[in-house]
Amino acid sequence: MLLDFIINKDSISIPIADPFRADLDAVLGQINGFASSKGTDLSGLDIRGLIPRMIKGIAGCENGCPSNAKELVSRGVKNFELKYIEGGILSAQATAGAENQIFLKMFPDF
């Protein structure tokens, strides 16, 4: 699984080797370090809560793919605009601060 984290037009790609045992602290460390290097404050966004939901939306598929991803999009996550993209890709968009657009795109391994 791969997570692309984008601030405006700059991005970082973060591999998630095992979605069932994701090292959320390591992923958030990379995201926060990248955001800090871009002068972006993420404190108003619940990225810690969003990422596990995105992982489960893609990797869970208890009801058959892509039903979990589409269910996540229909339920939503506070402060994020979620979209399901064909092929099992999930995206989330939010605004951090006055001008910074934040995008997360999660890609499955299958």
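In what follows, residues are counted from 1 in the order of the sequence shown.
The salt bridge (Lys or Arg N to Asp or Glu O under 4.0 Å) analysis of residues 97-106, with sequence neighbours excluded, yields no pairs. The salt bridge (Lys or Arg N to Asp or Glu O under 4.0 Å) pairs that include a residue from residues 12-36 are Asp18-Arg21, Asp25-Arg48, where partners are two or more places apart or lie in different chains. Within the structure, no pair that satisfies the salt bridge (Lys or Arg N to Asp or Glu O under 4.0 Å) test touches residues 84-97, not counting sequence neighbours.
One hydrophobic cluster, built from ILVMFWY side chains closer than 4.5 Å, holds both Phe80 and Leu28. Cluster membership check: Phe5 shares its hydrophobic cluster with Val77, using side-chain heavy-atom separations under 4.5 Å among Ile, Leu, Val, Met, Phe, Trp and Tyr. There is a path of hydrophobic side-chain contacts, each under 4.5 Å, that joins Ile12 to Leu104.
The CD1 atom of Ile16 lies 6.5 Å from the CD1 atom of Ile51; values are rounded to the nearest 0.5 Å.
The two residues Pro19 and Ala59 make their nearest non-hydrogen contact at CB-CB, 4.0 Å. When all heavy atoms of Asn100 and Gly39 are compared, the closest pair comes out as ND2-O, 4.4 Å. Here the closest heavy-atom approach between residue Ile7 and residue Ala35 is recorded as CD1-CA, 3.6 Å.
Remark: Ser91 engages no residue in a side-chain hydrogen bond (donor to acceptor under 3.5 Å, both in side chains) (not counting sequence neighbours). Looking at residues two or more places apart in sequence or on another chain, you find a side-chain contact (heavy atoms from CB on, under 4.5 Å) between Gln93 and Glu81, Gln101, Phe103. Annotation: salt bridge (Lys or Arg N to Asp or Glu O under 4.0 Å) contacts of Asp10 (sequence neighbours excluded): Lys38.
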Steps toward side chain to side chain contact (heavy atoms under 4.5 Å, CB included) verdict (Leu3, Ile31):
CA-CA 10 Å; Leu3 173 64; Ile31 287 172; 4.0 Å; yes
Does Asn79 form a side chain to side chain donor-acceptor pair (under 3.5 Å) with Asp46? I'd like the steps, not just the answer.
CA-CA 8 Å; Asn79 296 328; Asp46 184 14; over 6 Å; no
Where do Ile55 and Phe20 land on the side chain to side chain contact (heavy atoms under 4.5 Å, CB included) test, with the steps shown first?
CA-CA 8 Å; Ile55 290 171; Phe20 301 104; over 6 Å; no
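When side chains are defined from C-beta on, Asn32 does not count as touching Ile47, because their heavy atoms never get closer than 4.5 Å. In this structure the side chain of Ile102 reaches within 4.5 angstrom of the side chain of Leu45, judged on heavy atoms. Proximity of Phe34 to Thr40: side-chain heavy atoms (C-beta onward) are nowhere separated by under 4.5 Å.
Looking at Leu2, Ile14, Ile58, Leu50 one by one, the single match for side chain to side chain contact (heavy atoms under 4.5 Å, CB included) with Met106 turns out to be Ile58. Of the candidates Asp4, Leu90, Ile85, Asp4 is the only one forming a side chain to side chain contact (heavy atoms under 4.5 Å, CB included) with Phe107.
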